Amino acid sequence: MDGIHDLGGKQGYGPIEVDDDGGPFHEDWEGREWGIAQCARTPGITIDWWRHCRELIMPVDYLGRPYFDSWAQTDFSTYIEAGWMSLDDVAAGKPLVDGAEHGEPPAPMTLQQVLQEDHDHAIRFDGEIEAAPAFSVGQRVVTAKHGHAGHTRLPQYARGRSGTVQAYNGAHVFPDLSAEGTEIYQHCYNVMFAAAELWPEASGSKDKVYLDLWESYLAQPDLG
Amino acid sequence: MPDFDAKKVAEIHEHLHSHLPSESALRVKALETLLVDKGLVNPQTIDAWIEAYTEEIGPKRGARVVAKAWSDPDYRQRLLDDAPAAIDELGYLGKATAHLKVVENTDAVHNLVVCTLCSCYPFSILGIAPAWYKAAAYRSRAVRDPRGVLAEFGVDIDADVEVRVWDSTAELRYLVMPQRPAGTDDMSEEELAALVTRNSMIGTDRDLGLE
């Protein structure tokens, strides 16, 4: 989706607010939302569907509202879309169906349990597939010229560009389909692009940009 | 189960735009209230997650990993070869680090990490990302004008140093290993860890000082 989220290389966002006090949260509600996002899971959700729902936030809100606010709105949207919450519930500020409609509430977790859970949630996204990788390290590749209306992880700035496979990452869950609820694995590569290939003002630069890209985003360069 | 219906979600966002309170604190409160009232979330567990990422999980973990790699050549090699296993030697494997890669700064190379498409970050080793990392200015410019970005952080990169920008487009996450400052040969791992800044592990800091 060529949405507002696809920010790489866009211009006009001004200087960076580099000052930061180093603390994790600056308002209480930011911590609350972080905590909610760690323990509230819409059943059947995938990380890519959650990301896509965040991308679908109206541009004025995506850019204009604070970061963790967009997480809260994404959580609202995934619960409502899946039918676990309704717009009427939101309007009323309380569930309109009485009682614990989704079973017993979860027991509280202690700090030690949460730390263990964090450790246990080192989720791997790779798996075995039968097909051999189409590309090898050192090979030149060209990226797809176009994206599509759904979720994808090939940013606009790196489309239709030539790069070099720098590493093979294994087969990883393919985000474009995972965002539609289908989890299949596809070979994934780290691809190096010369800055001069990506940006007109970078001609002569020795700098590089590296992206992790799935096989179907890539093709062999036209040798003709 | 989600229907994975993007059109429906776009409509929900439009509705929420008009119907949620405008203050972020009230929006998050509304979400928490509904989730708790529906029995989907326990508020004490939310408290525990806040405490975990305020007191326990943060950039001090990354700094300890870097200091250990500076002090122990074998550990440094294990970290470069298989970062998830190496950080788990210290118990730091966790959220968003199962596919961690460590990229090393040298006299000739400077590394910088960004996520242009969202805000991917190696949580279990660096904690919560700073605000600038998640903001449009950094996300848009890091891949296109890394030297200009670094200058705003007060980091000037010599023309003969190659800048490598890592855009976190997949589930891999990147941790920059800064260079060990000169004059630190006698320092303990603990003393060394105190020199490692969070920004240096993202790449927006380069020359670590002894202050």
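Residue numbers begin at 1 in each chain, while the letters A, B, ... track the order of the sequences. What you see is a predicted model, and the numbers here were worked out from it, not measured in a lab.
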Which value, rounded to the nearest 0.5 Å, describes the distance between A:Asp61 atom CG and B:Ser22 atom OG?
10.5 Å
Considering only heavy atoms, which portion of A:Glu30 lies under 4.5 Å from any heavy atom of chain B: side chain, backbone, both, or neither?
neither
Pick from B:Leu112, B:Val165, B:Asp3 with the largest number of heavy-atom pairs that fall under 4.5 Å of chain A
B:Val165
So, the part of A:Ile4 with a heavy atom under 4.5 Å from chain B: the answer is neither
Measuring heavy-atom distances to chain B, does A:Thr152 have an atom under 4.5 Å in its side chain, in its backbone, in both, or in neither?
backbone
A:Leu198 portion near chain B, given a 4.5 angstrom heavy-atom threshold:
neither
For B:Ala159, which atoms come within 4.5 Å of any heavy atom of chain A: side chain, backbone, both, or neither?
backbone
Counting heavy-atom pairs under 4.5 Å with chain B, the top scorer among A:Met192, A:Gln112, A:Glu33 is A:Glu33
Return the option, out of A:Arg54, A:Arg65, A:Glu201, with the maximum number of heavy-atom pairs under 4.5 Å with chain B.
A:Arg65
Keeping the roles fixed (side chain from B:Glu162, backbone from A:Asp207), state whether a donor-acceptor pair exists under 3.5 Å.
no
Parallel under 30°, tilted from 30 to 60°, perpendicular over 60°: which one fits the rings of A:His52 and A:Trp49?
tilted
Based on non-hydrogen pairs under 4.5 Å, which of B:Asp88, B:Thr54, B:Ile128, B:Ile12 is most in contact with chain A?
B:Ile128
Okay, A:Asn190 and chain B: the region with an atom under 4.5 Å from a heavy atom over there is side chain
Can B:Glu171 and A:Asn169 be counted as having a side-chain donor-acceptor contact under 3.5 angstrom?
no
Who among B:Glu51, B:Met1, B:His99 has the most heavy-atom pairs with chain A under 4.5 Å?
B:His99
B:Ala6 versus chain A, the contacting section by heavy-atom distance below 4.5 Å
both
May I ask you to decide if the ring planes of B:Tyr53 and B:Phe123 are parallel, tilted or perpendicular, using 30° and 60° as cut-offs?
perpendicular
Using a strict 4.0 Å threshold on nitrogen-to-oxygen distance, state whether B:Arg141 and B:Glu152 make a salt bridge.
yes
Under 4.5 Å heavy-atom distance to chain B, tell me which part of A:Glu27 shows up: side chain, backbone, both or neither.
neither
Below 4.5 Å, heavy-atom pairs only: which of B:Val149, B:Ile50, B:Val163, B:Val28 has the largest tally toward chain A?
B:Val163
Could you tell me whether a side-chain N or O of A:Arg153 sits under 3.5 Å from a main-chain N or O of A:Leu213, the two making a donor and an acceptor?
no
Any Lys/Arg nitrogen of B:Glu11 or B:Lys7 sitting under 4.0 Å from an Asp/Glu carboxylate oxygen of the other?
yes
Heavy-atom side-chain proximity of A:Asp75 to A:Trp50 below 4.5 angstrom
yes
As an exercise: rank A:His26, A:Arg32, A:Glu17, A:His121 by heavy-atom pairs under 4.5 Å with chain B and give me the winner.
A:Arg32
Give a yes/no verdict on a cation-pi contact between B:Lys101 and B:Tyr174, requiring under 6.0 Å between NZ or CZ and the six-membered ring centre and an angle within 45° of the axis.
no
If one checks every heavy atom of A:Gln166 against chain B at 4.5 Å, the contacting part turns out to be side chain
So, do A:Trp71 and A:Trp34 sit near enough that their side-chain heavy atoms are less than 4.5 Å apart?
yes
Max heavy-atom pairs within cutoff under 4.5 Å with chain B, candidates A:Lys94, A:Arg41, A:Glu117, A:Met58, goes to A:Met58
Under 4.5 Å to a heavy atom of chain B? For A:Val60 that would be side chain
Working to the nearest 0.5 angstrom, can you tell me the gap between A:His172 NE2 and A:Trp214 CH2?
7.5 Å
Taking side chain as everything from C-beta outward and backbone as N, CA, C, O, which of these in A:Ala40 sits under 4.5 Å from a heavy atom of chain B? Side chain, backbone, both or neither.
both
Between A:Phe174 and A:Tyr217, what is the ring plane arrangement, given parallel below 30°, perpendicular above 60°, and tilted in between?
tilted
Per-residue contact mode, A:Tyr67 against chain B (heavy atom under 4.5 angstrom)
side chain
Residue among B:Ser119, B:Gly58, B:Ser168 with most heavy-atom pairs under 4.5 Å to chain A:
B:Ser119
Per-residue contact mode, B:Thr33 against chain A (heavy atom under 4.5 angstrom):
side chain
Just by distance, no angles: are the side chains of A:His5 and A:Tyr62 close enough, under 3.5 Å, to form a donor-acceptor pair?
no
Residue among A:Leu56, A:Asp118, A:Ile80, A:Thr78 with most heavy-atom pairs under 4.5 Å to chain B:
A:Asp118
Which region of A:Ala149, side chain (C-beta onward) or backbone (N, CA, C, O), has a non-hydrogen atom less than 4.5 Å from a non-hydrogen atom of chain B, or is it both or neither?
neither
Below 30° counts as parallel, above 60° as perpendicular, anything between as tilted: where do the rings of A:Tyr157 and A:Trp199 land?
parallel
With under 30° as parallel and over 60° as perpendicular, where do the rings of A:Tyr210 and B:Trp166 fit, or are they tilted in between?
parallel
What residue in B:His19, B:Lys95, B:Glu32 has the most heavy-atom pairs under 4.5 Å with chain A?
B:Lys95
What part of B:Pro59 gets closer than 4.5 Å to chain A, counting heavy atoms only: side chain, backbone, both or neither?
neither
Is B:Asp156 salt-bridged to B:Arg206, cutoff N-O under 4.0 Å?
no
Residue part contacting chain B, namely of A:Cys188, when any heavy atom lies under 4.5 Å:
side chain
Contacting moiety of A:Ala158, where chain B heavy atoms sit under 4.5 Å
neither
Is A:Phe25 close to chain B through its backbone or its side chain, or both, or neither, when contacts mean heavy atoms under 4.5 Å?
side chain
Candidate pair A:His151 and A:Glu55, rule side chain to side chain donor-acceptor pair (under 3.5 Å), full reasoning:
CA-CA 8 Å; A:His151 179 68; A:Glu55 296 165 0; 2.9 Å; yes
Can you say whether B:Val114 sits under 4.5 Å from chain A via the side chain, the backbone, both, or neither, judging by heavy atoms?
neither
Closer than 3.5 angstrom, by distance alone: can the side chain of A:Gln186 be matched with the main-chain N or O of A:Glu215 as a donor-acceptor pair?
yes
B:Leu26 portion near chain A, given a 4.5 angstrom heavy-atom threshold:
neither
Side chain, backbone, both or neither: which part of B:Arg198 has a non-hydrogen atom closer than 4.5 Å to chain A?
side chain
Find the one option among A:Ala107, A:Pro175, A:Gly150, A:Ala92 whose heavy-atom pairs under 4.5 Å with chain B are most numerous.
A:Ala107
